[in-house]
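Okay, structure first, notes after.
Please read all numbers here as calculations on a predicted model, not as lab measurements.
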Amino acid sequence: QVHLAESGGGLVQAGGSLRLSCVASGSIFEINGMGWYRQAPGKRSELVASINSDGSTSYADSVKGRFTISRDNAKNTVYVQMNALEPEDTAIYFCHVNSQSADGTVYDDWGQGTQVTVSS
């Protein structure tokens, strides 16, 4: 139902910034929540930030004050601005979208991931 394409990852020094983008495409009737997860080597996946259709946001404690999630509904795109990056932020970041079709079917879709590496 929905295809997600992430971009914006890369290598940055500690204290630097990156902005990740995720574009949703396909047959979309209504997008509910959008968010970003990350998985570091040897660790479990964790929810970094999410944004609901009403614009409300939620952040993991480890990124509060440094990351900002936003969405552009006209472009079906979700962003996360990541400032003051730390080596502990190094991970693969995955976009997630929860959506509904016209008949009410719920879909959970995941992107392929984009690598973020923060050097000390």
Side-chain angles (χ1 to χ4, degrees):
Q1 188 69 223
V2 179
H3 176 258
L4 304 179
E6 303 114 323
S7 63
L11 174 64
V12 65
Q13 290 187 329
S17 299
L18 288 172
R19 188 178 76 158
L20 306 183
S21 301
C22 174
V23 181
S25 61
S27 181
I28 301 172
F29 177 74
E30 179 180 1
I31 293 178
N32 301 317
M34 307 181 78
W36 291 92
Y37 288 74
R38 69 184 181 187
Q39 186 168 21
K43 297 183 180 294
R44 301 291 299 273
S45 177
E46 65 174 342
L47 176 62
V48 176
S50 63
I51 183 167
N52 295 326
S53 58
D54 64 0
S56 62
T57 59
S58 181
Y59 298 92
D61 289 341
S62 60
V63 306
K64 286 181 179 177
R66 300 187 298 119
F67 290 13
T68 303
I69 189 170
S70 61
R71 61 192 288 176
D72 185 335
N73 292 330
K75 298 182 180 295
N76 289 327
T77 301
V78 61
Y79 307 92
V80 59
Q81 177 68 43
M82 307 186 297
N83 298 325
L85 284 163
E86 305 167 352
E88 293 74 20
D89 296 317
T90 295
I92 301 175
Y93 285 71
F94 297 91
C95 178
H96 170 256
V97 171
N98 178 268
S99 64
Q100 292 179 268
S101 62
D103 66 1
T105 303
V106 177
Y107 297 90
D108 284 290
D109 296 286
W110 299 84
Q112 293 295 308
T114 184
Q115 177 70 47
V116 171
T117 302
V118 184
S119 62
S120 60

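When all heavy atoms of Arg66 and Ala84 are compared, the closest pair comes out as NH1-O, 3.0 Å. Across Val78 and Ser70, no two heavy atoms sit closer than the pair CG2-O, 3.3 Å. Between Ala14 and Pro87, the closest heavy-atom pair is CB-CD, 4.2 Å. Closest approach of Ala24 to Ile31, counting heavy atoms only: CB-CD1, 4.4 Å. Smallest separation of non-hydrogen atoms from Leu18 and Leu85: N-CD1, 3.9 Å.
Side-chain atoms of Asn52 never come within 3.5 Å of backbone atoms of Asp54 as a donor-acceptor pair (strictly under, hydrogens ignored). In this structure a side-chain-to-backbone donor-acceptor pair under 3.5 Å is present from Tyr59 to Ile69. Formation of a donor-acceptor pair under 3.5 Å by the Glu6 side chain with backbone atoms of Gly113 is found in this model. No donor-acceptor pair under 3.5 Å is formed between the side chain of Thr117 and the backbone N or O of Leu11. Thr90 places a side-chain N or O within 3.5 Å of a backbone atom of Val118 that can act as its donor or acceptor partner.
Considering only heavy atoms from C-beta on, Ser99 comes within 4.5 Å of Asp109 through its side chain. Looking at Thr77 and Arg71, their side chains never come closer than 4.5 Å, going by heavy atoms from C-beta outward.
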- Where do Trp110 and Tyr37 land on the ring-ring contact (aromatic ring centres under 6.0 Å, His included) test, with the steps shown first? CA-CA 10 Å; Trp110 299 84; Tyr37 288 74; 4.8 Å; yes
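Atom CD of Gln112 has 12 or fewer neighbouring heavy atoms from other residues, nucleotides or ligands inside a 6.0 Å radius.
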